[in-house]
Peer 1: 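The structure that follows is given in the form of structure tokens.
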Amino acid sequence: MSTSSAQPGGALTRQEQRHITRQLLLALIASGALILGLLWRWLAPEQVAVADLLLGAASLVVAVPVLRHAWHSLRYPSLHGLTDQLIALALLGAWATGDLLTAALLPLIMIVGHILEERSVIGSQEAIEALSKLTRSRARRVDGEGNLHDIDNHDLESGDVVEVRAGDHIPADGLVLEGKASLDTAPITGESVPQEVEPGSEVYGGAINLDGLLRVRVTRTGETSTLGRVIALMQSAEQASPPITRLLERHAARYLLLVLMIAASTWFLTQDAQAMLAVLVAACPCALVLSAPASSIAGLTVAARHGILIRGAAFLEELAEVNAVVVDKTGTLTHGKLQLEALAPADGVTQQQLKALAASLGATSNHPVSRALSDIAPREEWLLLENVRELQGLGVSAATPQGEAVLGRPELLATSVADLPEVPEHDGPVVGLALEGRFLGWLLLADSLRGEAATAMAELRELGLNRQLLLTGDRQSVADRIAHSVGIRDVIAGALPADKLNQVKQQIDSGYRPMVIGDGINDSLALKAGVVGVAMGAGGSDIAMSSADIVLIGSDLRRLGTCVRLSRRCRRTLQVNVFIGLGWTLAIVAMAAFGWLGASGAVVAALLHNLSTLLVLGNAGRLLRFEEKLSEQK
Ligand SMILES: Nc1ncnc2c1ncn2[C@@H]1O[C@H](COP(=O)(O)OP(=O)(O)OP(=O)(O)O)[C@@H](O)[C@H]1O
Ligand SMILES: [Zn+2]
């Protein structure tokens, strides 16, 4: 599937494109008639009727969409509808006073202005294109011999069989052949309750496998996959309105009434019909309506260019307000690419037994610990597993021919092993292995700190995010050491996914506005609970993409600082835009009311109006120049 074929114009949907084409066509026809009419007036001044007929035709052609939109907006009130109503009123007024030229020119100027707005430089094409590049997911195709091939989900065909592990996206629509799992379908259906699937169940591309190991036969690929949906999400982000716009929206009816009163008093006091029409046109709140989306779309675009994927304008606003950081350890502050350092088998257990079982269980999960273990024994030695279950934040369990096997943290083993030995001293993650209630041994792993972690955390402190908390499922000693090396003072270790969630909630309750950073593995609840949730992209799981509000595609922590700085710039741009939108509108309304816009005041007002929207777009466009190199690592 290619995006370009699905979305010919990039940001604009097909419907919007058709709409614009139609409007352009009408505008062209109207301009033709208008020019002809003016020529006629000039060349044959005695044939008034012919010229009037042409001007009348021009005004009728453009009146159709204006009146239709106005009628529509009466039934479905919106802020943009206000403009349509005001223009329709001005148009009717021009007709009533027999001013055919104004009646034709007014809608024409407004239509052209609005096409410019919609197609403006800040059209989010770029952002959406960047997005579509990034949302391609991988798939593990199973071939006839049972071998796995890691391929792009775009290359899947219906009939292919794929393996889907816990944390993976379902790469395409399909039918479950083997395995049981709970799926998070929120990205597709918006449904927050997980869907339980078993052989025979239908699954949708883009859903996330929370815990089981599935074999899925692909039934549909392409346009119904995640890609299209994420793009749709981006498009809806464009339409999301910030507080100021919402405030106006609520008072739209009152605004209209106020404008009508000003227009009426203008007429009453000056007896100048043109001034009254000019007031109606000048009061169109387009610049104000546009001020917020223009700056947030520019912000989202710039963010995407820096490898920062933001789900919507609202999060951009929230980002500017954060004052605390809650950060996860494995896969976030560390690379999450663990290595087996040592084995500590129990008496009577061989290293090979330990490795073979750990690798078979490890291969079923996306957790960094599991992934590391899947390589420690060759595939031929793996045991046949059934009923694979991932216990969030604890480990995995499965039925083997030799009995029930458990791989995970000591707390998990303690539930099935009666006399669990002490956990050995070790400077990294430690997992244990048990079979049928018998302890088999410890596996000691090592992880490395990301090079930029300390710099990134220091930079955030400089930006005022002084409250910093490390929240991890790992042991206290490991957590303390990492926290110390990146300058984080507060540490909570040994946390389960639910504890992580509660800790974040507690931060919020005690007045902090935390940004939560994680890799999506066992911290997706916490990511969702944060004021903004930021997920690491490349190393993180697909689950992160759905739980997080922001994804750092390059997984470079220094981009967190970029996020905060960009959001603050955006907020300033928005403030300036609102100032322009509000100030300019008030100024032309005042000039119109005092009759300062002259004999063709309505047309002048329309031109000034278009200029104001261009100013707003231009100011937002300055944001597009925002460019930040990664800072030096200290
Ligand atoms: N799928 C799994 N396979 C093996 N061990 C697991 C698995 N899930 C969790 N564990 C064990 O549970 C511990 C806690 O896991 P969790 O993901 O909550 O935190 P973490 O990976 O240690 O670090 P962080 O919370 O900072 O990402 C891990 O250290 C690991 O020992
Ligand atoms: Zn407008």
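Numbering of residues begins at 1 and proceeds along the displayed sequence. Atoms within each ligand, like the ligands themselves, are counted from 1 in listed order.
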Peer 1: If we ignore hydrogens and angles and just use 3.5 Å, is the side chain of Thr334 paired with the main-chain N or O of Gly331 as donor and acceptor?
Peer 2: yes

Peer 1: Using heavy-atom distances, let me know which of Asp211, Leu333, Leu394 sits nearest atom 11 (C) of ligand 1.
Peer 2: Leu394

Peer 1: Could you list which atoms of ligand 1 come closer than 4.0 Å to a heavy atom of Glu390?
Peer 2: 1 (N)

Peer 1: Name the residue from Arg475, Arg409, Glu425 that meets the side chain to side chain contact (heavy atoms under 4.5 Å, CB included) definition with Val430.
Peer 2: Arg475

Peer 1: Ignoring hydrogens and geometry beyond distance, is a side-chain donor-acceptor pair present between Asp173 and Thr219 at under 3.5 Å?
Peer 2: no

Peer 1: Within the distance-only criterion (no hydrogens, no angle test), does the side chain of Glu452 pair as donor or acceptor with the backbone N or O of Leu557 below 3.5 angstrom?
Peer 2: yes

Peer 1: For the 3.5 Å polar cut-off, considering only N or O atoms, please tell me whether Thr330 and ligand 1 meet it.
Peer 2: yes

Peer 1: Between Lys500 and ligand 1, which residue portion shows a heavy-atom distance shorter than 4.0 Å: side chain, backbone, both, or neither?
Peer 2: side chain

Peer 1: Any idea which atoms of ligand 1 are less than 4.0 Å away from a heavy-atom of Val396?
Peer 2: 1 (N)

Peer 1: Suppose I only count heavy atoms of Thr472 and a 4.0 Å limit; which atoms of ligand 1 are within that range?
Peer 2: 23 (O), 24 (P), 25 (O), 26 (O)

Peer 1: Ignoring hydrogens and geometry, is there a side-chain-to-backbone donor-acceptor pair from Ser360 to Trp382 under 3.5 Å?
Peer 2: no

Peer 1: Are there more than 12 heavy atoms of other residues, nucleotides or ligands under 6.0 Å from atom CG of Asn387?
Peer 2: no

Peer 1: So, does Asn366 use its side chain to make a donor-acceptor pair with the main chain of Ala166 at under 3.5 Å?
Peer 2: yes

Peer 1: Answer yes or no: are there more than 12 heavy-atom neighbours, outside His484 itself, under 6.0 Å from its atom NE2?
Peer 2: no

Peer 1: Output yes when Glu404 and Arg389 qualify as a salt bridge under the 4.0 Å nitrogen-oxygen rule, no when they do not.
Peer 2: no

Peer 1: Okay, side chain of His367, backbone of Ile521: is any donor-acceptor separation there less than 3.5 Å?
Peer 2: no

Peer 1: I need the atoms of ligand 1 closer than 4.0 Å to a non-hydrogen atom of Lys329, numbered in the order shown.
Peer 2: 24 (P), 26 (O)

Peer 1: Considering the heavy atoms of Asp474, write down every atom of ligand 1 situated less than 4.0 Å from one of them.
Peer 2: 22 (O)

Peer 1: Give a yes or no on whether Gln476 atom CD has more than 12 heavy-atom contacts from other residues, nucleotides or ligands under 6.0 Å away.
Peer 2: yes

Peer 1: Please list the nearest protein heavy atom to atom 6 (C) of ligand 1 with its residue and the distance rounded to 0.1 Å.
Peer 2: Gly395 CA, 3.6 Å

Peer 1: Below 4.0 Å, non-hydrogen atoms only: which portion of Val369 touches ligand 1? Side chain, backbone, both or neither.
Peer 2: side chain

Peer 1: Is it the side chain, the backbone, both or neither of Val430 that has a heavy atom closer than 4.0 Å to ligand 1?
Peer 2: backbone

Peer 1: Verify the neighbour count for atom CD of Glu422: are there more than 12 heavy atoms of other residues, nucleotides or ligands below 6.0 Å?
Peer 2: no

Peer 1: Quick one: does ligand 1 sit under 4.0 Å from the side chain of His367, the backbone, both or neither, non-hydrogen atoms only?
Peer 2: side chain

Peer 1: Using a 3.5 Å cut-off on N or O atoms only, is Asp519 in polar contact with ligand 1?
Peer 2: no

Peer 1: Show me which atoms of ligand 1 lie under 4.0 Å from any heavy atom of Ser365.
Peer 2: 1 (N)

Peer 1: Which heavy atom of the protein is the closest neighbour of atom 13 (C) of ligand 1, given with residue, atom name and distance?
Peer 2: Arg409 CD, 3.5 Å

Peer 1: What residue and atom, counting heavy atoms only, is the protein's closest point to atom 27 (O) of ligand 1, and at what distance?
Peer 2: Asp328 OD1, 2.6 Å

Peer 1: Nearest protein heavy-atom contact for atom 31 (O) of ligand 1: which residue, which atom, what distance?
Peer 2: Val431 CG1, 3.0 Å

Peer 1: Going by the order shown, which atoms of ligand 1 are within less than 4.0 Å of some heavy atom of Ser370?
Peer 2: 1 (N), 2 (C), 3 (N), 4 (C)

Peer 1: Could you tell me, atom by atom, which parts of ligand 1 come under 4.0 Å of a heavy atom of Gly473?
Peer 2: 14 (C), 18 (O), 19 (O), 22 (O), 23 (O), 24 (P), 25 (O)

